[in-house]
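Each ligand, and each atom within it, is numbered from 1 in the order the structure gives. One is the number of the first residue; the rest follow in order along the sequence. Quick caveat, the model's predicted, so the values are computed rather than measured.
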Amino acid sequence: MRVLIIEDEQRLARNIARVLTEVSSYAVDVSLDGEDGQHMSCSESYDLIILDLMLPKRSGLDILRAIRKKGLRTPVLILTARDTTEDIIQGLDLGCDDYLSKPFDMGELIARCKALIRRSYDRPNPVIRVGVLEINTASREVCFAGKVHILPAMEYRLLAYLAVRSGEVVSKEDILDHLYDFDSERFSNVVEVYISSLRRRFDPALIRTVRSQGYVLRGDKL
Ligand code: CA
């Protein structure tokens with residue numbers, strides 16, 4: 001999963017990014033002003049956008065308006081010190097999905113982020129079951145044939161993404177877009193490397209390659 005934080009308080013933005021990466025294994029991009037934030041949110045593939053309202057160059061509400069006008073369904077959580085009722089109503093009316101006022105509790109923010117992403121993939125249950133595979137997206141525990149595994153971050157990130165898309169063929173480009181932040185180097189064989197690790201760890205048949213299309217998680221076929 002990949003998250004964009006549009007927030008001009010640099011320390012706060014970096015802190016949220018660090019926690020989201022460490023706790024939830026998300027890829028995270030940070031944008032420090034409104035103009036760049038709008039560009040990033042409309043040109044990259046995000047699973048969630050955390051949006052401040054008072055930003056240099058362009059307001060958060062203008063960015064939200066632009067995102068929805070473009071038809072993007074990305075969940076948006078507004079995170080702002082402007083906590084008057086009118087701001088909340090305006091944000092919700094413009095198409096934001098959730099709202100948290102500063103100061104906030106980091107644990108609550110992370111929990112809300114996870115819930116928004118779950119809902120956007122139509123996966124209300126934090127535990128995703130695909131045959132003998134069970135992924136707890138709240139605790140990051142992976143259970144395979146009754147045995148619990150804690151995976152390295154990138155393997156977990158890939159498996160969790162394939163799990164929310166289970167049954168679908170997911171292209172390599174799609175995987176790269178949702179697993180890597182803007183600054184990371186996307187080596188062309190990196191997806192194959194992690195797919196191989198997952199197959200070795202669990203079962204060679206867990207992830208099927210569909211030639212020139214992508215990959216499909218097949219835990220139900222084991
Ligand atoms: Ca601000």
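Pairs passing the side-chain hydrogen bond (donor to acceptor under 3.5 Å, both in side chains) check and including a residue from residues 205-214, sequence neighbours excluded, read Arg199-Thr209. Sequence neighbours left out, the pairs with a member in residues 140-151 that pass side-chain hydrogen bond (donor to acceptor under 3.5 Å, both in side chains) are Ser25-Arg140.
Within 6.0 Å of CG in Asn125 there are more than 12 heavy atoms belonging to other residues, nucleotides or ligands.
Residues Arg65 and Ser59 have side chains that never bring a donor and an acceptor to within less than 3.5 angstrom of each other. Remark: the Tyr26 side chain and the Asp47 side chain contain no N/O donor-acceptor pair separated by less than 3.5 Å.
Around the Ca ion (ligand 1), the protein atoms of type N, O or S that sit closer than 3.0 Å are Asp8 OD1, Asp52 OD2, Met54 O.
The side chain to side chain contact (heavy atoms under 4.5 Å, CB included) search around Ala27 returns Arg2, Arg157, Asp181, not counting sequence neighbours.
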